[in-house]
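One structure is given here, and the rest of the page talks about it.
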Amino acid sequence: MTINATVKEAGFLPASRIASIGVSEILKIGARASAMKREGKPVIILGAGEPDFDTPDHVKEAASEAIRRGETKYTALDGSPQLKKAIREKFQRENGLVYELDEITVATGAKQILFNAMMASINPGDEVIIPTPYWTSYSDIVQICEGKPVSIACDQSSGFRLTAEKLEAAITPKTRWVLLNSPSNPSGAAYSAADYRPLLDVLLKHPHVWLLVDDMYEHIVYDGFRFVTPAQLEPRLKDRTLTVNGVSKAYAMTGWRIGYAGGPPALIKAMAVVQSQATSCPSSVSQAASVAALTGPQDFLKERTASFQRRRDLVVSGLNAIDGLDCRVPEGAFYTFAGCAGMLGRVTPSGKRIETDGDFCAYLLDDAHVAVVPGSAFGLSPFFRISYATSEAELKAALTRIAAACARLS
Ligand SMILES: Cc1ncc(COP(=O)(O)O)c(C=O)c1O
């Protein structure tokens, strides 16, 4: 249901720029699962988009020290000099990218970075190419900014990755941006240097198209996968690439709300204009904490990733053992995006025919008390996303219940 339909009856008519945006499927499922839990049902929620680890102690301590030092006031508009310097070092150290301080911006989460970038650059009707499955916020942010999301289906056969042919075919004179996300939420698919190369070659031919890359899950990659980012691979695109990252996922800091980006100074400046009238600056305390995250010890990232990899293996093998499900092995992030085409047409014990991935996920919630998110929420069906950022014991219990529920379908 769109916002328009939801709130119209309350006597409020929302602005047209948000009228066609639906309430997030993920939030709806989460709300239903939580309500079932409150009724005493033993629901396992595999929908969370955040690590189950705690924010590291040295990061918390840096925040406490900042408070004691009195760093509780507004900071510079798009990031304190200390944090911008830490980000400059991070880009250089981990990505071989040189961004000057005026090419770096900090915001209240990577989500606000995306919002600032779209708000600062899109005119009504401008097109933004978004490969599906996509993180739901991409198309909603583009629509709020009165742009036109152009979805390109990237199915399992292409590893959920965009191909050069599809990109070339989608570019028009109105294309403003291409949004890429590696490793991806929801598919966990990541682009290697070889995967990126043909896409970057296409972009080189179209100088009016800008590239936004969301590297949020950079540190969560498996089996020795070598993470790369386009501005590093193709310096000729650097002056029209926005490299987005943040501390939320790598450092288990989702609640601190700090995201950042490197990009051309003119864009960074325009994004600061948006931010100046939205939040004035990101939280001072969270910025101090993020300095500690980016400059402090990094060894624990490997341990956490190893733990995620064990859970990925558990979930992928558990799902693939179920007749009718098909789960690709993801290269990164903490999600699996499994195909459930084999479940369509089957009938539940109560006589309901499963027609869509939404029906399948509703059945899993009702029958197995396991909450997962249908692919339709991410623009690609019939699939469902599992977030495995939860304990192995919970994952095992969830897989046993999913297998039993699937076996009850006829
Ligand atoms: C791909 C991707 N990018 C960005 C974000 C937003 O992160 P932040 O917490 O920094 O706003 C998320 C959060 O789920 C995400 O999955």
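When a ligand or atom number is given, it counts from 1 through the structure's own listing order. Being a predicted model, the structure only gives us computed values, none of them experimental.
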So which heavy atom on Ala272 is nearest to which on Leu77, and how close?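 Looking at all heavy atoms of both residues, the closest pair is O-CD2, 3.5 Å.
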Name of the residue among Phe384, Phe337, Phe383 meeting side chain to side chain contact (heavy atoms under 4.5 Å, CB included) with Pro186: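 Exactly one option meets the side chain to side chain contact (heavy atoms under 4.5 Å, CB included) with Pro186, and it is Phe337.
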Determine, for Arg328 against Glu331, whether the closest basic-nitrogen to carboxylate-oxygen distance falls under 4.0 angstrom.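 Salt bridge between Arg328 and Glu331, a charged N being under 4.0 Å from a carboxylate O: yes.
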The answer, listing residues by chain and number that come under 4.0 Å of ligand 1 through any heavy atom, is Gly109, Ala110, Lys111, Trp135, Tyr138, Asn181, Asn185, Asp214, Met216, Tyr217, Ser248, Lys249, Arg257
Please report, to 0.1 Å, the donor-acceptor pairs under 3.5 Å made by any side chain of residues 209-216, with sequence neighbours excluded.
residue : atom : partner : partner atom : Å
Asp214  : OD1  : Met216  : N            : 3.1
Asp214  : OD2  : Tyr138  : OH           : 2.6
Asp215  : OD2  : Thr229  : OG1          : 2.5

Report yes or no: is the cationic atom of Lys238 (NZ for Lys, CZ for Arg) under 6.0 Å from the centre of the six-membered ring of Tyr99, at an angle within 45° of the ring normal? yes
Are Tyr134 and Phe378 an aromatic pair, judged by ring center distance below 6.0 Å? no
